[in-house]
Amino acid sequence: MNRKKTSRLTNQIVFVGPAILFFILIIAIPFVLGLYYSFTNWDGVSGKAAGVGFDNYKQIFMEDSSFRDSFWFTARFTVLGVVITNVAGFFLAYFLTKPLKTRNLLRTIFFMPNVIGGLLLGFIWQFIFVKGFSALGSSTGISFFNLPWLGTENTAFWAIVIVFVWQTAGYLMVIYISSLNNVPKDILEAAEIDGASRMQVLRSIIIPLIMPAATVCLFLAISWSFKMFDLNLSLTKGGPFGSTESVAMNIYNEAFSKNRYGLGTAKAIIFFVIVAIVTSLQVKFTKSKEVEA
């Protein structure tokens with residue numbers, strides 16, 4: 001009996017031990033250290049970090065208007081980004097599960113933007129908005145292309161939304177395609193025999209049956225939107241005049257540009273709690289809508 005327990009413990013250590021070790025080193029310890037530094041005035045460079053209690057958190061909630069502005073921008077961006085990305089990803093998947101000759105080619109084309117890194121993607125689209133659209137506007141006279149896409153608060157906001165959707169919709173499309181292919185064909189055939197329209201089939205059968213995929217896609221889109229940094233940095237750098245500064249960029253600037261690591265870490269802790277609450281509520285809500293075939 002003891003040999004069996006020893007053998008079982010050895011197997012657990014061999015297979016689970018490395019994962020637990022890396023989790024502790026990469027996630028648990030940095031999180032605890034970050035929580036500690038959020039109660040200090042550490043500048044991120046010196047070896048001394050004096051404790052300040054809850055002063056950092058008080059300053060964030062009472063005095064830091066830039067953090068509130070960046071959070072308002074991130075909240076608006078997240079709502080629009082999550083909705084548009086999931087709608088686009090679902091309808092791309094819906095149409096690319098039809099018997100089209102170019103179906104595989106189109107799937108590859110729509111997925112490819114996700115492979116490009118956020119920094120590179122931002123610089124590419126910066127060129128498109130500044131030079132490409134300007135050239136198209138001059139040659140066609142269409143006012144849409146002549147807008148100052150990165151020059152005003154409203155247009156810069158929509159520019160980031162457009163690039164974010166263009167980058168991420170293809171990834172969600174793949175998840176939705178997998179889920180749509182698993183919808184039982186006999187249920188769809190029975191609905192067709194009963195005279196249900198395509199819209200009725202979509203609303204009453206397909207969408208309820210792919211809710212597990214929707215749970216995953218919504219979770220991914222929310223986390224991507226909230227944590228958006230590289231695209232924000234390369235496309236607008238938070239401009240014009242800080243109007244498109246995301247929370248992630250605000251935290252980065254606080255910690256590494258202004259050398260207020262303790263305050264930046266406090267912002268990161270607050271941000272982590274908010275994102276955890278939002279994603280938990282989203283998963284709980286969408287899980288309650290899932291059905292079985």
Side-chain angles (χ1 to χ4, degrees), residues 16-79 81-82 117-119 122 160 164 167-168 216 218-239 242-284:
V16 184
I20 295 175
L21 178 62
F22 281 112
F23 175 82
I24 293 172
L25 292 176
I26 298 173
I27 297 178
I29 292 178
F31 180 80
V32 173
L33 287 174
L35 190 61
Y36 163 73
Y37 285 126
S38 70
F39 293 100
T40 69
N41 62 355
W42 190 41
D43 60 5
V45 179
S46 65
K48 296 180 180 180
V52 294
F54 288 93
D55 287 352
N56 288 333
Y57 293 95
K58 290 178 182 178
Q59 182 176 341
I60 293 169
F61 287 111
M62 302 295 184
E63 304 173 13
D64 199 332
S65 60
S66 65
F67 182 74
R68 291 193 295 269
D69 292 340
S70 65
F71 188 83
W72 172 236
F73 164 79
T74 304
R76 290 185 293 128
F77 170 79
T78 298
V79 171
V82 169
L119 284 173
I160 296 176
F164 176 79
Q167 180 188 24
T168 57
V216 174
L218 285 170
F219 177 84
L220 289 174
I222 290 172
S223 61
W224 290 339
S225 300
F226 269 119
K227 296 185 297 183
M228 187 261 301
F229 173 77
D230 49 0
L231 189 63
N232 192 198
L233 178 66
S234 58
L235 193 60
T236 66
K237 295 182 181 178
S243 60
T244 62
E245 184 183 64
S246 66
V247 174
M249 179 174 286
N250 182 271
I251 293 170
Y252 173 85
N253 290 333
E254 194 70 67
F256 300 105
S257 297
K258 300 177 182 178
N259 288 333
R260 294 191 290 197
Y261 196 90
L263 187 60
T265 307
K267 290 183 177 182
I269 296 296
I270 294 172
F271 189 43
F272 164 77
V273 172
I274 293 172
V275 174
I277 292 172
V278 171
T279 51
S280 297
L281 291 175
Q282 172 262 311
V283 170
K284 183 178 180 180

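Numbers here simply count residues along the sequence, with the first being 1. All values below come from the heavy atoms of this structure, side chains included, with hydrogens, waters and symmetry mates left out. Treat the numbers as computed from the prediction; the structure is a model and nothing was measured.
Residues Q59 and D64 bring no donor and acceptor atom of their side chains to less than 3.5 Å of each other. Checked by atom type, the side-chain pair S38/Y57 shows a donor-acceptor distance below 3.5 Å.
Between V278 and the options I222, V283, T78, a side-chain contact (heavy atoms from CB on, under 4.5 Å) holds for only I222.
Closest of all the heavy-atom pairs between K227 and A248 is O-CB, 4.0 Å. Scanning both residues, F219 and T279, for their nearest heavy atoms gives CE1-CB, 3.7 Å. A pairwise comparison of heavy atoms in L231 and I160 identifies CD2-O, 4.3 Å as the closest pair. Contact between T40 and N56 at its shortest, heavy atoms only, is O-ND2, 2.8 Å. A pairwise comparison of heavy atoms in G34 and T265 identifies O-CG2, 2.7 Å as the closest pair. Nearest heavy-atom pair across S225 and V82 is OG-CG2, 3.8 Å.
Using a distance-only test at 3.5 Å, with no hydrogens or angles considered, no donor-acceptor pair links the side chain of S257 to the main chain of E254. N232 places a side-chain N or O within donor-acceptor distance of the main-chain N or O of T244, the cut-off being under 3.5 Å.
The CG atom of N41 sits 11.5 Å away from the CZ atom of R260 when rounded to the nearest 0.5 Å. Note that CG of L263 and OH of Y37 are 16.0 Å apart. Values are rounded to the nearest 0.5 Å. Between the CD1 atom of I24 and the CD1 atom of I26 there is a distance of 11.0 Å, given to the nearest 0.5 Å. Note that the CZ atom of F67 and the CD atom of E245 stand 10.5 Å from one another [nearest 0.5 Å]. The line from NZ of K267 to OG of S66 is 4.5 Å long, rounded to the nearest 0.5 Å. Separation of atoms NZ (K258) and CG (D43) is listed at 15.0 Å; rounding is to 0.5 Å.
Counting heavy atoms from C-beta outward, V247 and F226 have side chains that stay 4.5 Å or more apart. The side-chain heavy atoms of L233 and Y252, taken from C-beta on, include no pair separated by under 4.5 Å. For the pair W224 and M228, the minimum side-chain heavy-atom distance is 4.5 Å or more.
Atom CZ of F229 sits in a crowded spot, with more than 12 heavy atoms from other residues, nucleotides or ligands closer than 6.0 Å.
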_Candidate pair I269 and F31, rule side chain to side chain contact (heavy atoms under 4.5 Å, CB included), full reasoning_ = CA-CA 9 Å; I269 296 296; F31 180 80; 4.2 Å; yes

